[in-house]
Each structure stands twice: as structure tokens, then as C-alpha cells.
Amino acid sequence: MSHVAVENVHGLDPQLAALDLNSDLQGVPGRRYIPPHLRNKEASKNDSPGGWDNGRSNGFVNGFHEGRDNRMNGGGSFGGRGSMRSDRGGRGGFRGFGYDNKDAGGWNAQKDTAYNSFSGRSDRGKSSFFSDRGSSSRGRYERGGFGGGGNNRWTDDSKNDEDWSKPLPPSERVEHELFSGGNTGINFEKYDDIPVEATGQNCPPHIESFHDVDMGEIIMGNITLSRYTRPTPVQKYAIPIIKTKRDLMACAQTGSGKTAAFLLPVLSQIFTEGPGEALQAMKNSAQENGKYGRRKQYPISLVLAPTRELALQIYEEARKVAYRSHVRPCVVYGGADIGQQIRDLERGCHLLVATPGRLVDMMERGKIGLDYCNYLVLDEADRMLDMGFEPQIRRIVEQDTMPPKGLRQTMMFSATFPKEIQILARDFLEEYIFLAVGRVGSTSENITQKVVWVEENDKRSFLLDLLNATVIPNEVQDSTAESVEKPGKESLTLVFVETKKGADSLEDFLYREGYSCTSIHGDRSQRDREEALHQFRSGRCPILVATAVAARGLDISNVKHVINFDLPSDIEEYVHRIGRTGRVGNLGLATSFFNDKNGNITKDLLDILVEAKQEVPSWLESLAYEHQHKSSSRGGRSKRFSGGFGARDYRQTSSGSSGGGFGNRGARNTGGHGGNRGFGGGGGGFGNFYSSDGYGGNYSQVDWWGN
DNA sequence: AAAAAAT
């Protein structure tokens, strides 16, 4: 479901709307990159110790006050506004935005039709195909098309006998489909001094350029098409490690290019080595089942991810890296029609991206055999190995036919990796190399982090003020001249809440307030989830209200602001959430609403802020100190708790960062909950403009979980 | 107590 603003109910104050974190300093030759925490120091000094800030005229903006050009773009192009809400259950609206299939037989049917018409289309159809492309994602409905690289028929023996390291012929259409998305210009040149730790026997030297290691013709071509110029820090280290067939546990900050760090070398290896035994296994399978009948697929590589949308995203990325190769990537995940996914698998599957539950299902149905899976990747590995997922991972990796560790190559990636999970992870690794780019679990300094004290009852009105200061209502977003100057400058805001119910009600509220918004959480149908993400990505709905489902891994360009309407209860979740902004060298802003309920995260949050060189509100420092003395023992297998074992302490080594956590303990006597936490110049600056609309009282009667 | 992940 998506909400598009009915009208511009909130006037736009140009001065406040100037949040433009992806600012002019980016990409301007000859001008030095200045990280957000170092910019506009003069203004910062004026801030009260309470931090957040003085109000509307100089908050949020990090020194960039240039006004935005407020041009009309006829924003209502989205169809009948009155029907905007009809999509919640049904299938209203949205035609013309990729949902142009009139067949109402379920959303999976759309894939079929899209694919059929797609594949049936000759190049004559190209012009219309190109021209109706808004910004990026052509979307999932063509997946399984030619995108995997062109070998739609593994049964074509003449092709299988070919050298997998040689590229297949190019296709202008596929190329355009895969690579016409937003430019992922990576500004990691500035990060050469980032501390890197690579431990383990015989760790190969890192590379400085993609040309420093032989990844073959296909990969190099696709790197060029993807407009990757230099490897990011994690790629510099992970690529040679993976190329030398080593197991790997890799930790690198959000948005630092982890996906390509494993896809490039893994696919490079597959291209070099060819299908091997898997080919014969598939031929046998085909003979048993009839040439065009059911075939069990034996992927050479498996990538596991914790959410469906992340799996889809990795799959899309894999299609790029596999372009012009013999490797056909597939993706399977729950919530979508399994028959459709099976048919896609049967067209050939050499690299499989999956969520665990659906993969187990596929294995039990005999559609997937992991017997020849030589490459296993756990993305968001700490999540995949925590309590919710660990049994399923063991089921897939240890209790089936996958080659044991030592025979297969196992790689794990995450931005966070609590020590206990690292230990658990060793079960799946052999002679592995531990790689930490930056400190494990730390946040990018490209993200300006703000923590502001907001009582539960004030959250909604505060959010509105925040949005008014940082979001341009849909109707006045420009799409013309300025966009040409700064491509893709849409400003997206991602609002995290703790519960599914909370997501529904907050989206509803924002909709009633006139904002173009949508929401995503695990109780939505898969179709709605993907639709919401698409509406957000495309900028159609520049506000997305989300639960933890969107916290990890999703790479959405133009997310300028992440708002923790509710703070999460553990610091890893916080790190991943705010990591939806400030990606690949861009700047971002993260604002977190903090109150009495968030005591459990106080200490870790403080550590994170200090580590990322962010301003720390003095009240937070005080609370952390109090909390440290108050709570002592709490248990939990996958959590770190209590004082002294904070966020920074689960690096594998204990070097560096001695103390320094509490910059100024003297401040503790400000009294914790005392008056020092003001957020609007002089207590309640952001008044309760909206508190009398009948919803505040209602809200205060429900408990913390909305029950 | 919540979210996620198969049906």
C-alpha cells in the first residue's frame, strides 16, 4: 500500500527544506571532502549541550542552507488520489508503473506474462522499453529473463562444453536493463586510511585496483558496465582472499560494498573453473526425469540472506555480475508462488540466492541439491546465525548434502558481528581469515547521528516537525532542471518503528497528515512489500515506515534521513538501520527518538556515537553512566549485555580504542532525566502543534507494544 | 515482548 499526498497541507519553508546531505561538496573536483561531523563547526558550537537543537533554522542541515528549487511536477500523476488506499488488500491502481498486466491471477502471474512478452519481444520493442523507464529498477517481474546472462538452456550441450571463462555475445537490451540503474559512484578514495585487520594463516596481500588480480574478461567487463572504478576497502581485501579459496569472516561498515566483495570473486572463480561435477549431476538429473521434465538443480554457489527483499536485491546484483556468462542466477524466497520459482529454477541455476525457509522447502521437494555447492555465502551472517535462524542454517549446511567445510568455501559478511556469534560462526569455517574493515559494529562517519529526547506522546508531532524540516511534500518535488544538475537528488526518508502494528498506524497517521508515504513489514503480503519498496525506491513515496524487515542490507539510493521513531533494543539493529543512509561514500542523517523506554540501549548507543565522532547529548552520557550502575546481569545467548561489554568490545582483537567512551563523566550530575535534554530551543521548542487532533490521547492509552 | 523466516 502506498500513500500519495492528497495535497500540500504543509507549507514549505525553503530554509528548512534545505536538507541536502548529498551536497555540493560531493563529486566536485578539487574540493576536499569534509565529513559531516567536521563541517560547520562554528554552528555546532552554538548548540546547547543538550544537543539536538535549536530549532528549525539551524538544525539538521549541517551547514547546507541553500534553498531548494520548488518546482511543481504535477505530482499527482499517480492516478486517482481517492483510490490510493484501495491497494491495501486489492490490486487497484499502479498500472503504468510496472503493474501493467491486467491479469488479476495473482502477482506471480505477472512475472510470467512480463517474461513472456519480454522474451517474445524483438529489439523492435526497445525504444518503448527504454523510454518508459522512470529511474531505476525495472523490477522483479522480468527476473528470470535473459538477465542471468543468456544461457537459458543448460541442456544446450554445445554451450556447456564451451569455456565458461569466455563471454557470451552481448545483448544491448539486457545490458541496458541491468546496468541503466543509478550510478553507484563510490567515493571511497577518501577512506584509504581506514584501519583494516586481516588475521589468519597466510593471508594474501590486498589489491589496490581491480586489475591487480585476474578476475577474467567477463568480470572486468561487468565491472566497467557497473561503473565501479576502484575497489572499496572491503573489496580490496576480500577479493584476493576469496580468489585464493580461503574461508572468510568479513566485517565492514554498512554501505561499503560487501555484496560485490563476494559476488565478483565467487563468480570469477566459477567462470574460471566451469561447472565441474555439477554439470554431470544435472545431466543425470535430467535423464532421470526426462529431458524437459523436472530437474533437480545443483547450484555451484549459494547465498543466504535474512529477508526476502534482501535476497531479491542480491539476486539483481548477481545478474549484473553474471552478465554474458554461462552462470544463471536464481532466487527463491517465501511469500511468492513456489511453482513460479520452481519453473525458474528448472531453466538452470548455478548461483542461488535464498532465504532459509523457502530453500529448505525446495530441498525437501527435491528441486535443489546442494551436493556440488562449492561456495557458501552467509550475508548478514550474524543475523543468520542468531537464535531465529541458526537451526535452519544448520539444517541447510550441516544436515544435508552440502560439502563439509574444508571442501566447500564459506564466506560470511556483516557490518556487525557480536563476539558470541563469531565463535558460533567458526563451526562453519575452516582455516578462515578474519577481516575487519574499520571497527566491527561501528557506523560510517558519513552518517550524522542525532539522538533527541522525545516522550512517547510527543513522537508524532515531533516527527511531523522533523519531516517538515527535511522532507519536501510530493507536489513540490522538482523533476526538471535541478535534477539534471544533480541526478537522482530525490530525498527519501526511512522511518523505523518497532512493531508491525506501529508501522500500520504511523503510516496511517502520516497519510492523514498529507504525506506521500508507504510502509513495509512482515505481515504485509509479499506483493505489497515489494510494491512498497518499489514506491519508495522510485521516489513515488518518499517516506517509508518500516519494521526491522528493512533494517539490513537494503541498498536504496537517495535515503537522506533515517528516523528511529522507536529505537531498537539492540545496538546491531541500530547500526544496520542507520546504515540505510550514508552509503557508498554519500552523506546521511540519522535521527533517533529516545526516552525512558530505551534504557537498554543507552550504553551501546553512547559508545557508537563516541566512536563515530558524533556529538553526544550530555543527558545521554549521564543516563549511560546511571544505567551502567543500575543494571548488572541480564542474560541472552546472542546479546551482549551490561557494562564493560559494549559495542566496541566485540572486535576480535582488543587493540586500539582504550577507554575514551565517556568523554566527560563529570556531566553525570546533571541528573539523568533532568532538564538538559531539551530539543527545541528552550524546552519544547517543537510544540505540540498536532497533539489535539484526537490521536495523541488514544496513543497514550496503549502500552509500549501497542496492545 | 517484537521481528524475521515455509505453508
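For the numbers below, each heavy atom of this structure counts, side chains included, while hydrogens, waters and symmetry mates do not. Quick note on labels: first sequence line is chain A, next is B, and so on, each numbered from 1.
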Residues which pass side chain to side chain contact (heavy atoms under 4.5 Å, CB included) with A:A550, listed by chain and number, not counting sequence neighbours: A:F496, A:I520, A:A546, A:L554
Proximity to the side chain of A:E498 - top-ranked nucleotide from B:dA2, B:dA6, B:dA4: B:dA2
A:M387 CE to B:dA4 P, straight-line distance once rounded to whole Å: 16 Å
Spacing of A:E309 atom CD relative to B:dA5 atom P, expressed in whole Å: 7 Å
Touch class at under 4.0 angstrom, heavy-atom based, for A:V549 against every strand present: sugar-phosphate
Distance, rounded to the nearest Å, where A:L554 contributes CG and B:dA4 contributes P: 12 Å
Phosphate OP1/OP2 of B:dA3 contacted by A:K501 side-chain N/O (<4.0 Å): no
Rounded interatomic separation in angstrom, taking CG from A:D523 and P from B:dA2: 12 Å
Value in whole Å for how far the P atom of B:dA2 lies from CD1 of A:I520: 20 Å
Phosphate-side-chain proximity, A:R308 and B:dA6, N/O vs OP1/OP2 below 4.0 Å: yes
N-O pairing of A:D504 and A:K501 below 4.0 Å: no
A:T499 vs B:dA1: side-chain N/O to OP1/OP2 distance below 4.0 Å: no
A:R295 and A:E346 ion-paired at < 4.0 Å: no
Closest listed nucleotide, where the reference is the side chain of A:T547 and the choices are B:dA4, B:dA2, B:dA6: B:dA4
Side-chain ion pair, A:E573 and A:R577, N-O less than 4.0 Å: yes
Touch class at under 4.0 angstrom, heavy-atom based, for A:G388 against every strand present: base
Nearest-angstrom distance from the residue atom CG of A:D337 to P of B:dA6: 14 Å
Atom-pair distance (CZ on A:F389; C1' on B:dA3), nearest Å: 10 Å
Candidates B:dA4, B:dA6, B:dA5 - which lies nearest the side chain of A:R529: B:dA5
Gap between atoms CD and P, on A:Q392 and B:dA6 respectively (whole Å): 7 Å
N-O pairing of A:R394 and A:E390 below 4.0 Å: yes
